[in-house]
Amino acid sequence: MLLVICVSFLVFCLMYMMPGDPVDMIVDRKVSAEKKAEIAHELGYDLPFFTQYKNWVVDILHGDFGTSVRYKSPVSELMSARIPYSLKLCGWSLIFELVLALPLGLLCAMKKDGFFDRFTVNFSLFLTAVPAFWLGALFILLFAVKLNWLPISGYQNLENYIMPIAVTVLSGMGGTLRITKTEVLEVFNEKYVTTAYAKGLPKRTVMIKHVLRNALILVTTLVFMSIPWLISGAVVIEKIFGLPGMGNLLLNSIIVQDMPVVQAVLLLIAILTVICNLLSDVIMGILDPRIRLSLTGGDN
């Protein structure tokens with residue numbers, strides 16, 4: 001709880017200290033100074049800093065995230081309308097990333113220093129180093145403009161999500177692949193793996209039931225820490241492909257200094273991060289008895 005309070009204060013400070021006047025971003029240049037001052041008073045921007053922060057926290061505790069100065073709508077309604085699109089994009093991207101990265105990481109560990117291992121790891125490093133906006137533009141030019149296989153943008157049909165999901169997966173799977181490979185190599189040196197081979201168990205059984213299962217503990221933590229970003233969306237990908245998700249909403253709100261929206265989205269990410277961090281610790285304790293023993297001192 002203390003961490004969430006500290007994060008909320010930092011989020012509010014971040015937006016408060018942004019250069020420029022947010023009123024100037026929502027009114028015409030020809031508007032008089034008196035009218036701007038009136039708008040600032042209506043929005044509460046003329047109040048002292050701590051008064052603004054207190055009012056913001058009190059409103060959030062009552063379920064009111066404020067009203068967007070750009071869209072003229074409640075922030076909660078804006079987020080509830082955008083979250084499903086971000087969940088479609090980031091949720092399916094995470095699933096496909098795990099489906100591809102986990103077996104590839106296992107194979108790279110089994111064929112360590114071989115051609116397959118070096119090619120796969122280096123290619124994943126290359127994809128990670130390539131900016132997502134450049135890869136997205138390349139996909140648009142190739143599959144939408146040249147080949148005319150997929151639509152450039154949109155969100156109504158399944159075809160609209162193929163390129164965004166593909167770009168997100170290719171950009172992010174490198175880290176999961178390398179972590180899986182590293183964890184598998186560490187598990188290879190454990191005594192229970194040697195014992196399993198000594199018992200005469202098939203190699204496939206050892207790999208799946210003993211090696212991969214224990215190597216997935218850290219990967220499970222990464223999955224839980226990815227959940228907040230499933231809600232917040234992929235900012236660059238959503239902007240490139242025109243998806244009306246949370247990432248697109250956050251970027252547009254930052255540009256026009258729509259403080260209520262930016263503060264609400266960042267606070268939501270922070271709260272989800274704290275919750276998922278706690279859940280990942282619990283799940284790791286369930287998957288790995290050694291963690292429970294270290295916490296209890298071996299008494300239980």
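Keep in mind it's a predicted model, so treat the numbers as computed, not measured. Throughout, numbering of the chain's residues begins at 1 and tracks the sequence.
- Qualifying side chain to side chain donor-acceptor pair (under 3.5 Å) partners for Thr176, counting only residues two or more places apart in sequence or in other chains: Glu97.
- If you chain together hydrophobic residues whose side chains sit under 4.5 Å apart, Ile5 and Val274 fall into the same group.
- Contact record, Leu177 with Cys108: CD2-SG, 4.3 Å, taken as the closest heavy-atom pair.
- Here OG of Ser68 is found 7.5 Å from CG of Leu249. Values are rounded to the nearest 0.5 Å.
- Within the 4.5 Å cutoff, side-chain heavy atoms of Thr128 are placed close to those of Arg178.
- Within the 4.5 Å cutoff, side-chain heavy atoms of Leu104 are placed close to those of Met173.
- The backbone N or O of Val261 sits nowhere less than 3.5 Å from a side-chain atom of Ser253 that would complete a donor-acceptor pair.
- With a 4.5 Å cut-off on side-chain heavy atoms, Ile165 and Lys88 do not count as touching.
- A distance of 12.5 Å separates CE of Met79 from OG of Ser73, quoted to the nearest 0.5 Å.
- Among all heavy-atom pairs drawn from Ala264 and Val75, the shortest one is CB-CG1, 3.6 Å.
- Linking ILVMFWY residues whenever their side-chain heavy atoms come closer than 4.5 Å, directly or via other members, places Trp149 and Tyr161 in the same cluster.
- Residue pairs that meet the salt bridge (Lys or Arg N to Asp or Glu O under 4.0 Å) test with at least one member in residues 101-124, sequence neighbours left out, are Asp117-Lys181.
- Put simply, the side chain of Leu107 does not reach to within 4.5 Å of the side chain of Thr120, judged on heavy atoms.
- Residues Val167 and Gly136 approach most closely at CG2-CA, 3.9 Å, considering heavy atoms.
- Put simply, the side chain of Glu159 never gets that close to the backbone of Leu150: no donor and acceptor are under 3.5 Å apart.
- Residues Leu125 and Leu135 fall within the same hydrophobic cluster, defined by Ile, Leu, Val, Met, Phe, Trp and Tyr side chains chained together at heavy-atom separations under 4.5 Å.
- Taking a 6.0 Å sphere around CZ of Phe123, one finds it holds 12 or fewer heavy atoms contributed by other residues, nucleotides or ligands.
- The backbone N or O of Gln52 lies less than 3.5 Å from no partner atom in the side chain of Asn55, so there is not a single donor-acceptor pair.
- Note: Ser124 OG to Phe119 CZ = 10.0 Å, rounded to the nearest 0.5 Å.
- Between Ala109 and Val184 the shortest heavy-atom distance is CB-CG1, 3.4 Å.
- Between the CG atom of Leu78 and the CD1 atom of Ile83 there is a distance of 11.0 Å, given to the nearest 0.5 Å.
- Hydrophobic clustering (ILVMFWY, side-chain heavy atoms < 4.5 Å, transitive): Leu61 and Val265 are in one cluster.
- More than 12 heavy atoms of other residues, nucleotides or ligands shown are found within 6.0 angstrom of CZ on Phe116.
- For Phe139, the ring-ring contact (aromatic ring centres under 6.0 Å, His included) partners at least two apart in sequence or on another chain are Phe143.
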*Begin with the C-alpha distance, continue with both residues' side-chain angles, and end with the deciding distance and a verdict on side-chain contact (heavy atoms from CB on, under 4.5 Å) for Ile152 and Met163.*
CA-CA 9 Å; Ile152 295 178; Met163 285 197 295; 5.6 Å; no
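- Residue Leu268 is not grouped with residue Val58 when hydrophobic side chains (ILVMFWY) are merged at heavy-atom distances under 4.5 angstrom, including chains of intermediate members.
- A distance of 7.5 Å separates CG in Leu141 from NZ in Lys146, rounded to the nearest 0.5 Å.
- The side chain to side chain contact (heavy atoms under 4.5 Å, CB included) check on Asn277 picks up Met225, Ser280, Asp281, with sequence neighbours excluded.
- Residues Ser86 and Met246 share a closest heavy-atom pair of OG-N, 2.7 Å.
- Pairs passing the ring pair (Phe, Tyr, Trp, His ring centres under 6.0 Å) check and including a residue from residues 51-80, sequence neighbours excluded, read Phe9-Tyr53, Phe12-Tyr53, Phe12-Trp56.
- Considering only residues two or more places apart in sequence or on other chains, Pro164 meets the side chain to side chain contact (heavy atoms under 4.5 Å, CB included) condition with Leu89, Ile237, Phe241, Leu243.
- Closest non-hydrogen pair, Ala132 versus Ile240, comes out as O-CD1, 4.1 Å.
- Residues Leu250 and Val262 form a side-chain contact, since some pair of their non-hydrogen atoms from C-beta on lies under 4.5 Å apart.
- Distance check: Leu102 CG to Glu183 CD gives 12.0 Å after rounding to the nearest 0.5 Å.
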